[in-house]
Amino acid sequence: MWELSSEMTGVVGIITLFVLVFLKVPIGFSLFLVGTVGYGLVVSPQAALAKLGTDPFNNVNNYTLSVIPMFTFMGMLLGNTGLGRDLFVAFNAILGRFRGGLAMATVATCAAFASVSGSVIATTATIAPVAVPEMRRSNYQDSLAAGVVAAGSTLGILIPPSSNLVIYGMLTEESIGQLLIAGIFPGLMTALFMIITVFIMVRVKPELAPNTVRVDRAERNEAFKKVWPIPFIFIVSMGGILIGLFTATEGGAFGAFLAFVVSLATRRCTLKGLKDSLYGTARITGMLMIFIIGGITFGNFISVSRIPSFLQVYLLELPPVLLMLTIFAIFFVSGFFMDAMAALIIFTSLFYPIVIAAGFSGIWYGIITILMILIGFLTPPVGVVAIVTSGLTKIKLETVFKGTIPFWFALMAAALVLIVFPGIATFLPSLMIK
Amino acid sequence: MKAAEKGIRKLINFSAGISGICIFLIMLMTVWDIAGRRLFNSSVAGVYELSSLGLVVISFLAMGLPQIEGENVGVTMIYDRLKPKVKAVFDFFISILCIALFSVVFRQTLTFAGRMASSNQITPVLHLPLTPFIYTAAFGIFVLIVAFFWDLIKAVYDFKGDNTNVGIK
Amino acid sequence: GGGGGETPEGEEPVADPVTFSLSHFMSNQHPLHTNVLVPFADAVNEQTEGRVTINVYPSNELGPPPTTVDSVVSGAFEMGFVLAAYTPGRFPLTSILEFPFMFETALQGNLVAADMRDDLQKYEYSDMKLLWVGGTDIAKIFINKEVSDVAGLAGLKLRSPGLLYNELYAKLGATELSLPVSDLYDALDRGIVDGSLMSPSALVSFKLSEVTDNIIDLDVYMNPLIFVMNNDAWAKVSADDQQVMEDLLAEFPAVIGAQYDAEFEHGVAFGKEQGINFITFSAEEEAKFHAITDPLKEKWIADMDAKGLAGTEMYEKALQYIEAH
Ligand code: NA
Ligand code: NA
């Protein structure tokens, strides 16, 4: 007989979740399993059993989420057309002459590519194979080369489009259009902070990036001529959302379609490229949906356990800035061993009601949440982006993790600036309301 | 054994292929709808429900793929320190756990489909019955279970110390 | 199960105490949550001396609204309070409550619905217990174009609240779009839709006053709400305690009707305060509108009868009850 109170059941559930995850049970499945069993204990076993049949279908049968494959497809398709390389060459033409310029160009390339890709993994997969060999050729140390690619890739979901902001919006019922638009300035600011980080690093330790690169004029002009699809697609798809030509959900399909047309028009769309992009998109969507199904089930369990209202009593006692710093600390610590997606889902269900009750903007908190999970993408041992970067570049995982450390501070600085100046996130969305 | 592997691969790729086609079609449909609405003041009926049901098809049919690609990961911090045989035992039990969980999900989804079939519930605009889409989801879950069997087979080979037969990472 | 339920100290319950979960889609600030559902749960617990505990979960915490009815039937949770329109096609006879120009106030609509409860239970809620059936405040037409007559509605993109109104829009020459209320704010703001049939209370609760320019001042229809319970769960409650619940539920129609009428008045006043233009159709245009909506009822009755459902019977009863209230 289960005698624990619902709150204690919730706590036991959270602990069990971590145990399972550490035993290598895939995170989406762990969330699903613990959520189901916990719900069964708090509500009733029949209830949990019934939810097993209905929830996977019902949670996926969701119009808002249908934008996720679109945002992913957009990035996949453009990645397969070689646009990543063109972008890198173009930014290199501007930044390559400075010390650490290739690394700065990598950040800029990531930021630019992020504006047409809604997935971190798609961004890493596009930029890492292009940028890392170039940096190695210029005798950059592996830690910087891999670290900057991994860190820069995280911009993929801060700068719109962003699958993760869509998931946040779905969980909180905040306007997805406003959330996406809100990411623009914080994304650019974070990119700038990363470039500054590189600048400082190579000043302090010049051996990280011993050589500079000069790109000749002809090559530079050639490169610039090829990158027009990026601003074109970004301005049309995100601008269309901003001025109300279509909804955020439709904007995803429209952007993907533009990416398709552009890759046809520039004759860089092979049948194989299209097929690979569709398979890749299916794979990422399938992976994300398992997370979403598991995450929502776990979220339901956390709701019925009443832990959020329990936490609320204590956390709402804190002054607002201290509350945010506490949440930030929780994100940071758990980011080491918790998957970023899982953190997004679990902490949104835990903290969002508290943050709103404390009087903060839900749009702003969405951007803060994304910034906080970005650090988790990079921190060992569970740092998905670092792991993917290591896999793509064959650079040792420890080296990648080490290389990302300076960029944690760039991300933290961005979050702190955003706490002090919320307008950086809320200004653009405020223009959308008449 | 090779034949079984090949069959599993084929099934998962086929399923993901339909998912990919569906992604492309939903993209086209949405753009057609925006264009129709903005240019000719006529929209495609039921884009809203077709998109969400389309996502059901896309998501469930794609679920097996990341599983055999080894992308649904947990934390390997402890796991990495284990001896190969212990690792194989670990993988074996995790696969069994996932197969058990999703077998229940599969069965309950079929029950759900049966209930929906008898309740006459339809989509609001196109009046589509939900049942076929729930069966599609159930099929996707079945494919996912098959993918777990792949892991199970691999764990058995790993335990025997024979890694040559299964060509996945 | 039932880890969340606590029996009062020092009480020795006679029957096995039961704990039910009640899921609904409104926020925990919504008057129906604070003034109706939570007090109901408290009263049930108190009057059954702890034998029946109801935990109320607001804001879709247990799952999205379109799944509420199925979750109740399957037993995922025992009680659900939801708009009938979320399960199109499932309760065809209940949609009689959403007929155009049936009711003048939410109170009237709720009293009539209460009279129809037993018949509806018999005809289309056999797989669950229909605790209560009623509706929201009467919807008007929110519109972001200057419209002075029925013809002006042609060519507009309107959000449809349900199957019946798809047909109305087709007759008006309007394009219907189907989206959930939660997306309506954005859709109106972005011009994705030009308008929607909507209850004035939503001007406040969904902040629609911020994105609505005009409202056509016709009281078109009531959006039906249902409160359902799992059959097995209902059977676990002793006959005496069932009676306790029924007595408390008997107060719902008057309370909820009055509550929504107050929300309606508040919404209209708030809308006017916010500068929303209330358009009044001339008597002639109003008659034209009725001429379009009246045949919808006849078609509905014919459709139901053709399907072997009690269309005519329910319509005649409804008219009787309307007469009475
Ligand atoms: Na992006
Ligand atoms: Na991490």
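Note: hydrogens, waters and symmetry copies are ignored here, and every other heavy atom, side chains too, is used. Order of the sequence lines fixes the chain letters, A, B, ..., with proteins taken first and strands second; residue numbering starts at 1 for each chain.
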So, the part of Ile94(B) with a heavy atom under 4.5 Å from chain A: the answer is side chain
List the steps and the verdict of side chain to side chain contact (heavy atoms under 4.5 Å, CB included) for Met63(B) and Ile293(A).
CA-CA 12 Å; Met63(B) 272 176 197; Ile293(A) 292 171; 3.6 Å; yes
Could you walk me through whether Glu250(A) and Val47(B) pass side chain to side chain contact (heavy atoms under 4.5 Å, CB included), step by step?
CA-CA 10 Å; Glu250(A) 294 170 335; Val47(B) 166; 5.9 Å; no
Residues, nucleotides or ligands: over 12 heavy atoms within 6.0 Å of Lys87(B) NZ
yes
Tell me whether the count of non-hydrogen atoms from other residues, nucleotides or ligands lying under 6.0 Å of NZ in Lys396(A) goes above 12.
no
Below 4.5 Å from any heavy atom of chain A, which atoms of Ile58(B) appear? Answer side chain, backbone, both or neither.
side chain
Is a side-chain N or O of Tyr279(A) found less than 3.5 angstrom from the main chain of Asn13(B), in a donor-acceptor match?
yes
So do the side chains of Gln67(B) and Ile290(A) get within less than 4.5 Å of each other, counting heavy atoms only?
no
Is Asn58(A) in contact with chain B via its backbone, its side chain, both, or neither, using a 4.5 Å heavy-atom distance?
side chain
Relative to chain A, which segment of Ile34(B) carries a heavy atom at a distance below 4.5 Å: side chain, backbone, both, or neither?
side chain
So do Thr281(A) and Ser19(B) actually touch side chain to side chain, heavy atoms under 4.5 Å?
no
Could you tell me which portion of Leu110(B) (side chain, backbone, both or neither) has an atom closer than 4.5 angstrom to a non-hydrogen atom of chain A?
neither
Return the orientation label for the Phe102(B) and Phe32(A) ring planes: parallel under 30°, perpendicular over 60°, tilted otherwise.
tilted
Within 6.0 Å of CZ in Phe142(B), more than 12 heavy atoms from elsewhere:
no
Separation between CG (Asn59(A)) and OG (Ser59(B)), nearest 0.5 Å, reads 11.0 Å
Which of these, Thr136(B), Val56(B), Val105(B), sits in a side-chain contact (heavy atoms from CB on, under 4.5 Å) with Phe57(A)?
Val56(B)
Between Leu49(A) and Val104(B), is there a side-chain heavy-atom distance shorter than 4.5 Å?
yes
Can you tell which part of Phe90(B) gets under 4.5 Å to a heavy atom of chain A, answering side chain, backbone, both or neither?
side chain
How long is the gap from OH on Tyr63(A) to CG on Leu50(B), to the nearest 0.5 Å?
11.0 Å
Given heavy-atom pairs under 4.5 angstrom as the criterion, report whether the side chain, backbone, both or neither of Ala16(B) touches chain A.
both
Which portion of Thr111(B) sits near chain A, non-hydrogen atoms under 4.5 angstrom:
neither
Side-chain heavy-atom pair Met76(A), Ile23(B) within 4.5 angstrom cut-off:
no
For Arg107(B), is it the side chain, the backbone, both or neither that has a heavy atom under 4.5 Å from a heavy atom of chain A?
neither
Please classify the contact between Phe60(B) and chain A as side chain, backbone, both or neither, with a heavy-atom cut-off of under 4.5 Å.
side chain
What part of Phe73(A) gets closer than 4.5 Å to chain B, counting heavy atoms only: side chain, backbone, both or neither?
side chain
Could you look at Phe93(B) and say if it's the side chain, the backbone, both or neither that has a heavy atom under 4.5 Å from chain A?
neither
Give, for atom OG1 of Thr109(B) and atom CG of Asp55(A), the distance between the pair rounded to the nearest 0.5 Å.
10.0 Å
CG-CD1 distance between Leu278(A) and Ile21(B), expressed to the nearest 0.5 angstrom
8.5 Å
Check each atom of Leu274(A) against the heavy atoms of chain B and say whether the ones under 4.5 Å are side chain, backbone, both or neither.
side chain
In terms of heavy-atom pairs under 4.5 Å with chain A, which of Gly17(B), Ser52(B), Ser51(B), Gly20(B) leads?
Ser52(B)
Closest non-hydrogen atoms of Val31(B) and Ala253(A), given as atom of the first, atom of the second and distance, are CG2-O, 3.7 Å
For Pro66(B) and Arg283(A) the tightest heavy-atom approach is CG-O, 3.6 Å
What part of Leu61(B) lies closer than 4.5 angstrom to a heavy atom of chain A: side chain, backbone, both or neither?
neither
Contact summary for Phe29(A) and Cys98(B), nearest pair of heavy atoms:
CD1-SG, 3.9 Å
